[in-house]
2 protein chains.
Amino acid sequence: MVEKTTEVPATPGTARPHQRGGATFLLTQLGTHAADRFAARTAELGVSPPQIGLLWWLRQSPGQSQQALARQFNIQPSRVVTFVDELEEQGLAVRGKDPYDRRVRTVSLTERGERTIDAVGRAMGEHEDEITAPLSADERQVLVELLGRLAEHAELGSGVHPGYRNLSPKHGR
Amino acid sequence: MVEKTTEVPATPGTARPHQRGGATFLLTQLGTHAADRFAARTAELGVSPPQIGLLWWLRQSPGQSQQALARQFNIQPSRVVTFVDELEEQGLAVRGKDPYDRRVRTVSLTERGERTIDAVGRAMGEHEDEITAPLSADERQVLVELLGRLAEHAELGSGVHPGYRNLSPKHGR
DNA sequence: TATTGTTATACTCTATAACTATA
DNA sequence: TATAGTTATAGAGTATAACAATA
């Protein structure tokens, strides 16, 4: 797969009845919007949000094995293979060999991958500015503080990626 | 399809690099979490979030044609057929005939559908309380005010359902 | 000819299970 | 026997197109 669709898939799971006002409704609405806009912005750089997650992690922890990546993002090893295949085809990452264990394939960024993730970092800054544009600096700080307390209460780890959740322990049904 | 999985599907579109602090990251994280919890809570009532959207709308606007529902939620008419099929199988809604146009099938709630959507309404209240538990009443008001301004700036309509977005005008790719 | 509802088909994404090569 | 990587298969979910009945 050389190209990859970068739109956020239709997620009926986030549907909600018509109701304004509630903080949770606004959170769902804005969270979806923010993810959409981020995907649209970074699509111009040729990378999708899940790819970005991997690139970001590889920049600070290069040479990881694919198993380590699967554990880090809590996804199936077979998905890692697909993602890394894509990144290699796009020239953003390369697989290497572990000299001590010939089973493992290490993954590192190429120079182009470095440049791309740098550009993504700049896009993230612009994205943050775009989303929080109507707020003053003080108000942004208040918002971050309130949202941070909600996240802490929800026990969302600081580095938890909603897109990489493991769906195995299904609820309901 | 008698039963329906109610988990939020894996949405790599919401993935984000490891970064705390940013308001947009928190919004995505919390929005996803809120949608997950809502789906888990209402799964006990036997309905999924997209079904809830339809039931909610049908309560206040009963007897809608399926075409009207498709326009209202900005989804394909064929999806409406599937959703209404499910609701009928679960005994939550019934199709009727339009006496003036024999092509259209109207959709209305059954008594059981009414009771279910009432229960969903109560669950929404509990859900709101759960998510905003760590905030005082004043703080909740501030949060809603700030989020409301972000939503207004993003031009998100008050009744826009992120889960029912039409994906046709694709961006990127 | 256009519209409503429906069915059929294809495509994407993902989870699971098999398979290989090493250890 | 266990583990890393890979490939193959199957299952949701959804978009698109084709179709029948009616206007």
Side-chain angles (χ1 to χ4, degrees), chain A residues 1-15 39 48-51 63-88 93 95-107 163-170 172-173, chain B residues 1-15 39 48-51 63-88 93 95-107 163-170 172-173:
Chain A
M1 202 189 301
V2 176
E3 277 194 315
K4 183 170 198 319
T5 175
T6 50
E7 304 86 49
V8 177
T11 55
T14 60
S48 65
Q51 289 179 321
Q64 296 286 304
S65 75
Q66 296 185 182
Q67 285 287 338
L69 293 173
R71 282 189 293 269
Q72 170 65 28
F73 289 95
N74 202 24
I75 59 180
Q76 302 302 319
S78 57
R79 290 189 67 188
V80 177
V81 173
T82 305
F83 284 138
V84 176
D85 282 350
E86 285 175 15
L87 293 177
E88 274 202 324
R95 272 185 255 241
K97 304 263 192 198
D98 183 324
Y100 303 107
D101 187 339
R102 291 191 299 176
R103 292 173 302 180
V104 326
R105 312 297 308 276
T106 60
V107 187
Y164 292 111
R165 291 163 302 171
N166 189 355
L167 298 178
S168 297
K170 296 186 187 295
R173 191 188 185 80
Chain B
M1 203 189 303
V2 175
E3 277 194 317
K4 181 169 200 320
T5 177
T6 50
E7 305 84 48
V8 177
T11 54
T14 59
S48 65
Q51 288 178 321
Q64 296 284 303
S65 76
Q66 295 186 181
Q67 284 288 336
L69 293 172
R71 282 189 293 270
Q72 171 64 28
F73 290 95
N74 202 25
I75 60 179
Q76 303 302 317
S78 57
R79 289 188 68 190
V80 177
V81 172
T82 304
F83 284 139
V84 177
D85 282 351
E86 284 175 16
L87 293 177
E88 275 201 323
R95 273 186 253 242
K97 304 263 192 196
D98 182 325
Y100 303 109
D101 187 339
R102 290 191 300 176
R103 292 173 304 181
V104 327
R105 311 296 309 275
T106 60
V107 187
Y164 291 112
R165 292 160 305 171
N166 189 354
L167 298 178
S168 297
K170 296 185 187 297
R173 192 185 183 78

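Note that the structure is predicted; figures quoted are calculated from it, not measured.
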B/E86 CD to D/dA12 C1', in whole Å, measures 12 Å
Taking D/dA2, D/dA23, D/dA15 as options, the one with an atom nearest any side-chain atom of B/R103 is D/dA23
Closest to the side chain of B/D101, out of D/dT6, C/dT7, D/dT22, is D/dT22
In whole angstroms, the gap separating C1' of D/dA23 from NZ of B/K97 amounts to 15 Å
Inset, instruction - Scan A/S65 against the nucleic acid and name what it touches under 4.0 Å (heavy atoms): base, sugar-phosphate only, or nothing. - result: sugar-phosphate
Taking C/dG5, D/dT16, D/dT6 as options, the one with an atom nearest any side-chain atom of A/V81 is D/dT6
Taking the side chain as every heavy atom from C-beta outward, state whether A/Q66 and A/P77 have any pair of such atoms under 4.5 Å apart. no
Whole-Å distance, B/Q51 CD to D/dG13 P, equals 11 Å
Interatomic distance, CG@B/L87 vs CD@B/Q51, rounded to 0.5 Å, equals 5.0 Å
With a 4.5 Å cut-off on side-chain heavy atoms, are B/Q64 and B/V107 touching? no
**Message:** Can you see if the side chain of A/R79 gets near the phosphate of D/dT7 - specifically, an N or O under 4.0 Å from OP1 or OP2?
**Reply:** no
Taking C/dA15, D/dT22, C/dT4 as options, the one with an atom nearest any side-chain atom of B/R102 is D/dT22
Side-chain atoms of B/Q67 come closest, of D/dG5, C/dT4, C/dT6, to C/dT4
Notebook entry, point to check: So, is A/Q66 close to the D/dT6 phosphate, meaning a side-chain N or O under 4.0 Å from OP1 or OP2?
Noted result: yes
One should read off an interatomic distance between A/K97 NZ and A/R102 CZ, to the nearest 0.5 angstrom, of 9.0 Å
Considering only heavy side-chain atoms of A/Q76, the closest of C/dT16, C/dT14, D/dG5 is C/dT16
Between B/S78 and B/R71, the residue closer to the 5' end of DNA chain C by nearest nucleotide is B/R71
